[in-house]
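A quick write-up on the structure given underneath.
As a basis for the values below, the full set of heavy atoms in this structure was taken, side chains included, without hydrogen atoms, waters or symmetry mates. A, B, ... follow the sequence lines: proteins, then strands. Residue 1 opens every chain.
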2 protein chains.
Amino acid sequence: MPPARRSRTASANPASERTELPALHLTRFLPYRLSVLSNTVSHTLAKLYEKRFGITIPEWRIIAVLGGGETMSAGEIAQRTAMDKVQVSRAISRMLDSALILRESGDTDRRKALLTLTPKALAIYAEIVPMALTYEEEVTDALSIDERAQLDTLLSKLQARADQLAARPAPAGAQAEAAGE
Amino acid sequence: MPPARRSRTASANPASERTELPALHLTRFLPYRLSVLSNTVSHTLAKLYEKRFGITIPEWRIIAVLGGGETMSAGEIAQRTAMDKVQVSRAISRMLDSALILRESGDTDRRKALLTLTPKALAIYAEIVPMALTYEEEVTDALSIDERAQLDTLLSKLQARADQLAARPAPAGAQAEAAGE
DNA sequence: TTGCAACAGTTTCAAACGAAACTAAAATGG
DNA sequence: CCATTTTAGTTTCGTTTGAAACTGTTGCAA
């Protein structure tokens, strides 16, 4: 792991003459850049959803995974949307209120509730998907075809690595833990 | 994997035989992927900050921009960190409590308060920057040198485009608004 | 001057969030 | 069988958030 970093931005700050600290510029820091980009994109899109259909991002995600007409449990939805079960539970409860979703107790396992979109939600799905894809295309229009392929690769690799790092126990202190996972 | 979008997932759902609706798979939807990746990364990193220094992401960002020893106003911080002024205001108030920041009223303009990190915060900065850079390297280790350069380019282009799209007024309804801004 | 718009930052309020505790329904297993 | 553990989902609690309203300050202009 070559810490090539270390752009000597000792710069012109007369106050601190610390020992060549590797300076960190937020605007070049990957987590920051991802956060800002993701926020910009999500926020823009969320306003579209909200204005037009009065739904939130969690609700939109649920509509997205159930939009094919499939039926699944809350747990499955949580997995597929990468939301946690609390978030899913709350979104579902809102959607029940606004008649976007239908819940019926499973017969074989009464813990699992089977969830299906109502026609109302399917109508939203039919309208929202083109909107979402259009927005996505508007964003990726900034890239060449090659670059889009690159983006796909990069995001996959980064996500895989980030997952890996997130899964490791507690790298902080002096915890000698087998990196089993 | 090139964006072969439009995988006709008419699939095997007997219920809906809609007119070849372009299906949307969240896992291939850019805003979703960005959101998940950004959350994974930020969350992992935030846990490091929190565990070791008891600071939140907004506080870390403020430390990052003031870490060079510079002094600036809350507004400037907001700009540089891409946070809004409310978030900055709250983070600053926490940091005042924990003696991480120093605030003195400007003499020329008493609206602007000049903010500087305390030695305590500078010490955190000195410790946290290597941690942050290490984590960043661990993530980008998943990429080749070329890919890292690509990533930089792609993120910049996407951000620029996303900003552009975010700035446009209200593309929703039939609002014929001069695109003045 | 005074009056008003623009600006810097804070506070308020309601919504959203995450972690942990909780309820209820299977699965396990002695 | 009954007791225990695991699983599915909900509720609670304290915190965080964002938008809008608000306070105080400056700049501008009649």
Side-chain angles (χ1 to χ4, degrees), chain A residues 35-36 38-40 42-47 49-51 54-62 66 71-98 101-116 166 170, chain B residues 35-36 38-40 42-47 49-51 54-62 71-98 101-116 166 170 181:
Chain A
S35 168
V36 173
S38 169
N39 282 348
T40 309
S42 289
H43 201 251
T44 303
L45 204 43
K47 274 195 298 193
Y49 301 157
E50 214 291 325
K51 264 186 192 145
I55 64 173
T56 63
I57 289 181
E59 292 168 42
W60 143 246
R61 286 189 181 174
I62 292 178
L66 292 180
T71 284
M72 62 183 79
S73 71
E76 277 181 280
I77 292 178
Q79 276 190 316
R80 299 240 213 151
T81 57
M83 302 192 283
D84 73 62
K85 58 182 184 170
V86 176
Q87 221 173 347
V88 171
S89 172
R90 286 196 267 237
I92 287 173
S93 123
R94 281 195 300 269
M95 293 172 79
L96 284 170
D97 288 346
S98 47
I101 214 168
L102 216 109
R103 172 164 61 185
E104 39 183 343
S105 269
D107 38 331
T108 60
D109 186 336
R110 266 183 311 172
R111 287 172 306 180
K112 297 184 186 178
L114 301 177
L115 301 160
T116 322
Chain B
S35 168
V36 173
S38 169
N39 281 348
T40 309
S42 289
H43 201 252
T44 303
L45 204 42
K47 274 195 297 193
Y49 302 156
E50 215 290 326
K51 266 186 191 146
I55 63 173
T56 63
I57 289 182
E59 292 169 41
W60 144 245
R61 285 189 181 174
I62 292 178
T71 284
M72 62 184 79
S73 71
E76 277 181 280
I77 291 178
Q79 276 189 314
R80 298 242 214 149
T81 57
M83 302 192 284
D84 73 61
K85 59 182 184 170
V86 177
Q87 224 174 346
V88 171
S89 170
R90 286 196 266 236
I92 287 172
S93 122
R94 281 194 300 268
M95 293 173 79
L96 284 170
D97 288 346
S98 47
I101 214 169
L102 215 109
R103 172 164 62 184
E104 39 185 342
S105 270
D107 38 332
T108 60
D109 187 337
R110 265 183 312 173
R111 288 172 305 181
K112 297 185 188 178
L114 302 176
L115 301 160
T116 322
E181 176 109 276

Which whole-number value in Å describes the distance from A/Asp84 CG to C/dA21 C1'?
-> 15 Å
Residue A/Lys85, side-chain atoms from C-beta onward, closest of C/dA16, D/dG9, C/dA25 = D/dG9
Interatomic distance where CD1 belongs to A/Ile57 and P belongs to C/dA16 [whole Å] = 11 Å
Report which part of the nucleic acid B/Ser73 touches: base, sugar-phosphate, or nothing (heavy-atom distance under 4.0 Å, all strands).
-> sugar-phosphate
When all nucleic acid strands are considered with a 4.0 Å heavy-atom cut-off, which category describes B/Ser93: base, sugar-phosphate, or nothing?
-> nothing
For the side chain of B/His43, starting at C-beta, report the closest nucleotide among C/dG9, C/dA19, C/dA16.
-> C/dA19
Length of the line joining B/Arg90:CZ and C/dC17:C1', which is rounded to integer Å = 14 Å
Separation of B/Lys51 atom NZ from C/dA19 atom P, in whole Å?
-> 12 Å
Begin from the C-alpha positions of B/Thr56 and B/Arg94 and carry the test side chain to side chain contact (heavy atoms under 4.5 Å, CB included) through to its verdict.
-> CA-CA 10 Å; B/Thr56 63; B/Arg94 281 194 300 268; 3.3 Å; yes
Consider the side chain of A/Arg111, meaning its heavy atoms from C-beta on, and name the nucleotide among D/dT6, C/dG18, C/dG9 that approaches it most closely.
-> D/dT6
Given that A/Val86 and A/Asn39 both sit by DNA chain D, which one's nearest nucleotide is further toward the 5' end?
-> A/Val86
Which nucleotide in the set C/dA19, C/dT10, C/dG9 lies at the smallest distance from any side-chain heavy atom of B/Arg103?
-> C/dT10
Atom-pair distance (CE on A/Met83; P on C/dG18), nearest Å = 10 Å
Nucleotide of C/dA16, D/dG18, D/dT11 approaching B/Gln87 most closely (side-chain heavy atoms) | D/dG18
Note: B/Ser73 and B/Lys112 closest approach over all heavy atoms is CB-CB, 4.4 Å
Which of these nucleotides, D/dT26, D/dT11, C/dA16, is closest to any side-chain atom of B/Asp109?
-> D/dT26
In whole angstrom, give the distance that lies between atom CE of B/Met95 and atom P of C/dT10.
-> 13 Å
Which is true for A/Thr108 with a 4.0 Å heavy-atom rule: it touches a base, it touches only sugar-phosphate, or it touches nothing?
-> sugar-phosphate
Decide yes or no for B/Ile101 and B/Glu59: does some side-chain heavy atom of the first lie under 4.5 Å from some side-chain heavy atom of the second?
-> no
Nearest whole angstrom, please: distance from the P of D/dT10 to the CZ of A/Arg110.
-> 16 Å
State, with a plain yes or no, whether a side-chain heavy atom of A/Glu104 is found less than 4.5 Å away from one of A/Thr71.
-> no
For B/Ser89, does its backbone N or O pair with a side-chain atom of B/Ser93 as donor and acceptor, under 3.5 Å?
-> no
From CZ of A/Arg94 across to P of C/dA15 the rounded distance in Å is 11 Å
